[in-house]
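Heads up, the thing below is written out as structure tokens.
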Number of protein chains: 2
Amino acid sequence: MTTLPVPDSELLRLDHQVCFQLHAASRAFGSVYRDALKDLGLTYPQYLAMLVLWEHGAQPVKAIGEQLRLDSGTLSPLLKRLEGAGLVRRERSTEDERSVTVHLTAAGEDLRERALPVPRRMLAATGLTVEELRMLRGLLGRVTAALDEV
Amino acid sequence: MTTLPVPDSELLRLDHQVCFQLHAASRAFGSVYRDALKDLGLTYPQYLAMLVLWEHGAQPVKAIGEQLRLDSGTLSPLLKRLEGAGLVRRERSTEDERSVTVHLTAAGEDLRERALPVPRRMLAATGLTVEELRMLRGLLGRVTAALDEV
DNA sequence: TGCAACTTGGTTGTACACAACTCAATAACC
DNA sequence: GGTTATTGAGTTGTGTACAACCAAGTTGCA
């Protein structure tokens with residue numbers, strides 16, 4: 001399979017355009033989420049952590065970190081803020097004293113319903129079709145996996 | 001044009017998967033850039049600011065902010081750090097005293113050559129073809145534009 | 001001319017994100 | 001059993017992001 005030759009200059013430009021667009025899109029999402037989540041008193045990363053807990057129930061900090069691709073340096077203060085807001089409870093595990101299990105409180109469970117309209121609102125805001133969203137998800141997943149190899 | 005019905009649950013899941021992948025991909029890029037730019041002593045946002053200056057020459061803070069989609073709250077300290085590193089010089093404009101023009105220093109100009117290999121390295125790290133990169137750029141551009149409308 | 005509205009850049013406060021480190025607990029090995 | 005290595009959270013320091021606000025300069029209009 002032969003491809004048209006791509007000028008070097010365009011190739012280099014393409015790279016930083018993609019990186020930049022990624023950066024910009026990520027922040028644009030953050031901005032819209034900030035608005036959508038304002039009433040819930042959550043930031044976007046906090047919402048992601050709550051999603052994990054709503055979906056899979058109580059689990060150790062480590063497991064949350066793996067799913068969100070975040071380390072303890074980010075998660076520890078974030079979870080502390082969620083605890084301060086009364087949404088989660090942290091309990092050191094009895095079987096492995098190194099591990100801390102994060103539980104939802106009743107308030108944390110209750111918040112789930114109020115968060116239900118958020119995804120649909122975001123979905124509409126992207127202006128993409130379902131096909132395009134699937135493609136985007138696929139491309140992003142591959143990029144992340146490839147970058148993680150480096 | 002009729003489409004297959006998409007279950008509600010998948011739709012909602014798709015949204016937060018896309019948002020999450022975007023977030024994750026953006027951070028994955030940041031991580032690889034951090035490595036690629038370490039020798040230059042630049043962070044990724046600082047590199048973006050330098051790109052703007054390398055490409056279009058000296059310009060006011062406002063213009064840089066528009067291109068990078070960043071406000072003064074982020075740019076002011078960032079540019080101060082670049083100035084501290086001796087890469088740029090900030091000069092208040094004489095014709096409009098509100099405006100501050102950012103110039104490259106000789107060291108800032110020189111850094112350009114040392115930064116040349118970076119894009120190719122990043123391009124390779126993504127593991128995508130040129131077609132895929134173009135498509136990704138296009139989708140991301142549309143998403144950002146749509147989100148900015150909100 | 002004089003004043004209100006707007007623009008530009010800066011500061012402050014809060015919240016990620018991550019590297020580098022510490023500390024305690026557990027696992028692995030001889 | 002005792003020593004070493006590894007693991008899980010947390011802390012500290014630096015650097016984005018961004019909202020909210022401020023000060024000074026400019027513009028526009030009555």
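Letters go in sequence order (proteins before strands), and every chain restarts at 1. Computed from a predicted model, the values in this text were never measured in an experiment. Hydrogens, waters and symmetry mates are skipped; everything else that's a heavy atom, side chains included, is used.
Remark: P of C:dA25 and NZ of A:K62 are 19 Å apart, rounded to the nearest angstrom. In this structure, A:E91 atom CD and D:dA9 atom C1' are separated by 16 Å, rounded to whole Å. Regarding A:E83, its CD atom lies at a distance of 14 Å from the P atom of D:dA9, rounded to whole Å. Summarising the geometry, the separation between CG on A:L75 and C1' on D:dT11 is reported as 14 Å, rounded to the nearest angstrom. Between the CZ atom of A:R92 and the C1' atom of C:dC23 there is a distance of 10 Å, given to the nearest Å. Computed from coordinates, the B:I64 CD1 to C:dG9 C1' distance equals 12 Å when rounded to whole Å. Separating the CG atom of B:L79 from the C1' atom of C:dG10 is a distance of 12 Å, rounded to the nearest angstrom.
Using the six-membered ring where Trp is involved, B:Y33 and B:Y47 have ring planes that are tilted, between 30° and 60° apart.
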### Summary
5' to 3', nucleotides 13-25 of chain D under a 4.0 Å protein heavy-atom cut-off (B base, S sugar-phosphate only, - none) gives --SBBBB-----B
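Separating the OG1 atom in B:T126 from the CG atom in A:L22 is a distance of 11.0 Å, to the nearest 0.5 Å.
Under 4.0 Å is where a charged nitrogen must lie from a carboxylate oxygen, and between B:R121 and B:D35 at least one such pair does. With respect to B:E131 and B:R134, a salt bridge is recorded, a charged nitrogen being found less than 4.0 Å from a carboxylate O.
Residues forming a side chain to side chain contact (heavy atoms under 4.5 Å, CB included) with B:A28 (at least two apart in sequence, or on another chain): A:R69, A:T144, A:L147, A:D148.
B:F29 and B:M122 get closest at one heavy-atom pair: CD2-CE, 3.4 Å.
Using a 4.0 Å heavy-atom criterion, one finds that B:K80 contacts the sugar-phosphate atoms exclusively.
Taking 4.0 angstrom as the limit, A:R90 places none of its side-chain polar atoms (N or O) nearer than this to OP1 or OP2 of D:dA9.
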